[in-house]
Amino acid sequence: MAQVFNSPSKYVQGPNALSELGQYVAALGSKALVIITASGIRRVGDKIQAGFAEVDATADFEEFGGECSNTEIDRLCGIVESGGYNVVIGVGGGKALDTAKAVAYHRELPVVICPTIASSDAPCSALSVIYTDDHAFESYLFLRQNPNLVLMDTTVIAASPVRLTVSGMGDALATWFEAKATVDADGSTCAGGHATQAGLAMAKLCYETLVEDGFKAKIALDHGACTKAVEKIIEANTLLSGIGFESSGLAAAHAIHNGLTQLPETHEYYHGEKVAFGTLVQLVLADASRDQLEEVLAFALEIGLPVCLEDIGVTEVTREKVMKVAEAACDPSDTMGNMPFDVTPEMVCEAILGADALGRTYAGYDD
């Protein structure tokens with residue numbers, strides 16, 4: 001199997017970058033549909049439209065329905081077709097962005113991705129995560145190509161709720177561990193081949209950046225500052241993690257996240273928050289060293305990421321519930337098969353319970 005490296009055609013990051021969106025879109029098409037939430041329109045709508053006033057292209061807003069489901073994708077595809085749009089733009093968080101990518105995929109159009117938060121590594125990938133209308137994980141939609149442009153306005157992102165950027169660090173936390181597991185297993189990546197050295201290096205740099213700059217960025221954001229550390233974390237959450245996971249592979253952490261969506265009480269928690277706990281479970285499953293576990297636990301606790309089931313809403317932990325999560329995580333269509341050893345639902349169940357106990361102990365919940 002060949003080594004494959006995927007990336008967006010262009011990545012732009014900087015203060016007030018959304019004001020330049022129009023000039024980038026005009027190179028791709030003349031009539032854009034912008035998939036965006038109502039709150040997104042209030043936050044950045046004027047900035048986007050001001051940029052389009054200076055170019056030979058137009059942009060119309062369509063409010064995102066809230067879930068990246070086939071129902072919502074079909075609705076928006078209909079609007080694109082009836083309106084004669086030739087570019088799709090996604091503005092907002094991970095689910096709005098995944099929806100925009102899916103719509104562009106089905107309509108065979110260029111897509112521009114503009115996150116207003118740095119809460120996941122979804123923006124750069126040729127992948128959309130599809131959920132049911134009831135918010136449970138359904139499937140991965142693998143796309144023909146990565147976005148034509150990913151544009152990160154750090155002024156907007158730094159002004160978003162800090163919890164969202166922390167959640168993005170939780171998603172990025174899994175990147176190196178899943179990449180290394182996939183390579184050790186000689187597994188396949190989301191890019192459709194084996195990992196390249198470049199993809200693996202980006203995954204490792206992602207983890208190193210989180211450990212070095214994550215706490216500094218969290219403190220800066222808590223006080224309304226967009227420092228160099230914040231800029232580095234935005235890049236780590238988005239570009240390094242996005243390319244790192246796609247070109248190096250997913251393994252247990254994301255499979256466990258997908259399993260956790262079977263529990264309704266986890267639905268109010270962000271993707272990256274559940275992935276952070278899934279990362280701890282993967283480390284327990286792989287019998288990681290005490291030093292490695294302590295480094296990850298210390299990082300999670302100092303920036304406010306979940307370290308146990310209670311932290312993601314599961315206050316009544318039963319073996320039956322955990323086994324339901326474990327069985328879903330081991331679905332053959334998911335990424336648990338990229339672990340470098342055979343994994344059973346029973347092993348995952350025990351690892352979840354073990355990680356929960358470890359996290360509770362380090363957090364002092366059981367004192």
Check for a donor-acceptor pair, side chain of [X] on one end and backbone N or O of [Y] on the other, with a separation under 3.5 Å.
{"X": "N6", "Y": "S247", "answer": "no"}
{"X": "K216", "Y": "K228", "answer": "no"}
{"X": "D98", "Y": "C68", "answer": "no"}

Any salt bridge between E72 and K95, counting N to O under 4.0 Å? no

Let me check something: any side-chain donor-acceptor pairs from residues 301-315 under 3.5 Å, sequence neighbours excluded? List them with distances.
residue : atom : partner : partner atom : Å
E310    : OE1  : R360    : NH1          : 2.6
D311    : OD1  : Y365    : OH           : 2.6
D311    : OD2  : V307    : N            : 2.9

Mind checking side chain to side chain donor-acceptor pair (under 3.5 Å) for E350 and listing every partner two or more places apart, or none if nothing turns up? R319

Determine, for Y24 and K10, whether the Lys NZ or Arg CZ falls below 6.0 Å from the six-membered ring centre while staying within 45 degrees of the axis. no

Which is it for V88 and R107 under the side-chain contact (heavy atoms from CB on, under 4.5 Å) test, yes or no, and what are the steps along the way? CA-CA 9 Å; V88 177; R107 299 308 308 159; 5.8 Å; no

Let me have the donor-acceptor pairs involving side chains of residues 196-203, under 3.5 Å, with sequence neighbours excluded, atom names and distances please.
residue : atom : partner : partner atom : Å
T196    : OG1  : G199    : N            : 3.0

The reported gap from OG1 in T154 to CD1 in I234 (rounded to nearest 0.5 angstrom) is 5.5 Å

Rounded to the nearest 0.5 Å, how far apart are CZ of F245 and CG of L127? 5.0 Å

Which is it for H254 and H271 under the side-chain contact (heavy atoms from CB on, under 4.5 Å) test, yes or no, and what are the steps along the way? CA-CA 9 Å; H254 273 80; H271 171 86; 3.4 Å; yes

